[in-house]
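Computed from a predicted structure; not experimentally measured. So that the names make sense, note that chain A is the first sequence line, chain B the second, and so on, each numbered from 1.
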Amino acid sequence: MNRIEKKFSDLKANHQTALIPFITAGYPDKKSTLPLLHCLAENGAHIIEIGVPFSDPVADGPTIQASSFEAIKNGVNSKAVLDIVAEFRKTNQHTPIVLMGYANPIEAFGWEEYAQQASAVGVDGLLTVDLQPEPDDKWGALCQDNGLNRIILIAPTTSKERQTYLSQYASGYIYYVALKGITGSNALQPIQVKEAIIKLKSKVELPVVVGFGIKDAKTAAELSQCADGIVVGSQLLHILSQHIDNPNEGIKQAGDFISELNRAIQT
Amino acid sequence: MKNFFQHPDSQGYFGQFGGRFVAESLIYPLEELAKAYNHYKKDPDFIAEVGDLLSSYVGRPTPLYHAKKWSEKIGGAQIYFKREDLNHTGAHKVNNTVGQILLAKKMGKTRIIAETGAGQHGVASATVSALLDIPCVVYMGEKDVARQAINVYRMQLLGAEVVPVKSGTKTLKDALNEALRDWVTNVDDTFYAIGTVAGPHPYPEMVRDFQKIIGEETREQSKKQLGKLPDALIACVGGGSNAMGLFYPFLNDEEVKIYGVEAGGLGIAKNAHAAPLCAGKPGILHGNKTYLMMDDDGQIMDTQSVSAGLDYPGVGPEHSYLKDESRVEYTYTTDDEVLEAFYEVTRTEGIIPALETSHALAYAKKLSKNLDKGKNIVVCLSGRGDKDIDSVRAIEKQT
């Protein structure tokens, strides 16, 4: 059992919902990322998704795009992200880390090298937004060989047949996209999302987490009634962006926000 | 010789290139589109409707014109222009928008979105949307909005909404990103009309099929006018839709040499260009695997070209395949060579070519010099240059 599987099994035993913050590595600057990760973990993050910056993040809204753009300017590439995780693991062995990103930086790095090095530094799962499982599934095999979970997205537009097809390739957890649109959108409809998650959970064995467009404790609490985990990204980056001149204050505020969300979803 | 008419495969691959690299939310609309396209491309009524609009509205077939004076001046092979500039709206782009927007209507979609660089695909989308009574939104990089002001106004006159894109490099690639974001948000009612042979499957195949009429007509016209096929074909390549349209019907004709001309910008050595096939490497962008201009970290690089229409860091995946198969030779011409050809063709033939097209013309000049007078070269005159006169005038003032 790897860290993600163990985490969900512990949460289940305690009837808790996973809180999963997403941050962009290297935003607002390179040296803030490590203290931010620790702060999130200390304030109740059960799993952390780290965004690997890409110049053309088509599934992301303006907030994450802007953070990605800044992170690239700050010199953060795939190698730098792996180095940050290695540092984090020196003092934190228990919080699972998922790297979320796009295919091209991995293509440039080399798929096999990326899977090997991610595993070596203590990454637990990989979510590659624009890489769909293909019949030969070489990527899935590489993840498995390196003990990494391969996180898969399921969208409101995914057909039932495709849900079944995709879930064969998934491990760790399934990430349900709460809305038709990009990250940070305003269109989330909690009642519809809950219905969709309940249906999906009846079909798959893996935990189902939900994200895209969750901005406040109220929505998070409502969705936590059926989802196994809640992902919050754009809102967290928005908070950091409000304190560009004082990153330490931004980190503190981000920690407070996570702590507030955690209280909301565990009640 | 290989059969080049069997691509893409069912997964959208041309050899190792192409595919469908998109977020899960776009899989359903792409499958819906592929299903509709596979149905209607064999539907006689649909084929007839497209054909009727292409002849009565667009003005096809376009002539294959012997540029005698320019050929003589260069003193080498005979150069022929496939006159796509004579299409309604002034470029080849409309061949594709007629097909796609008719398809959108058949699919019951009620809104068209498009991306544009130089504005030609935007104008072609706005035009056909006006004709077929469907609202149209065009995404255009803020930089291109500034340098292609006339086309922005044309689109607005035609009733389209032009959305300036302020993210990233503020050019064509960012317009494409923004259009994809719109599409994923409005998948139920919106049809995304991509303007080039790139993007996720089925776009590279579909756009090629709507553009291959250029090559089909050229083949017939060559047989009639020359009594044989031409010795060489030349077209400019940004995303590569006019090139794919001209080349495709000739791919299995081994004796026909084919050249694709990318934007050399200020020069490949200066690293200021838009020539991914000449100087890039395979990567993944905008839904497909293809040659890209990217750095060692896989971040997409800025491009540099005198023409907004070629200012794109990627290229259609079928071109990447044809490069690796050595069926097409890809080369480039620089901004200076392009301007020289622009002036020469304007003054000698009385045809003002688009700056994009002038890349192909500049290479035609180089190639024809080394060939004897009995050889025939066809250049795709993909668009007219009226949209570029402000840019050219600005360059004249600088120098």
Is there side-chain contact between [X] and [Y], with heavy atoms separated by less than 4.5 Å?
X	Y	answer
B:Asp297	A:Pro105	no
A:Lys180	B:Thr185	no
B:Asp174	A:Asp56	yes
A:Gln132	B:Phe21	no

Between [X] and [Y] (side chain of the first, backbone of the second, donor and acceptor by atom type, cut-off under 3.5 Å), is there such a pair?
X	Y	answer
A:Thr157	B:Tyr28	no
A:Glu107	B:Gly298	no
B:Arg181	A:Ala59	no
B:Glu24	A:Pro156	no

Test side-chain contact (heavy atoms from CB on, under 4.5 Å) applied to A:Val58 and B:Leu180, B:Val184, B:Leu26, the passing residue: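 Testing A:Val58 for a side-chain contact (heavy atoms from CB on, under 4.5 Å) against B:Leu180, B:Val184, B:Leu26 leaves exactly one candidate, B:Leu180.
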Give a yes or no on this: more than 12 heavy atoms of other residues, nucleotides or ligands lie within 6.0 Å of atom OH of A:Tyr169.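 More than 12 within 6.0 Å, yes.
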Might you confirm whether atom CD of A:Glu205 has over 12 heavy atoms from other residues, nucleotides or ligands at distances under 6.0 Å?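 No, the 6.0 Å shell around CD holds no more than 12 heavy atoms from other groups.
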In terms of heavy-atom proximity below 4.5 Å to chain A, should B:Lys289 be classed as side chain, backbone, both, or neither?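 Answer is side chain: those atoms of B:Lys289 sit under 4.5 Å from chain A.
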Minimum heavy-atom separation for B:Ile284 and A:Phe54, please, with both atom names.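 Where B:Ile284 meets A:Phe54 most closely, the heavy atoms are O-CZ, 4.3 Å.
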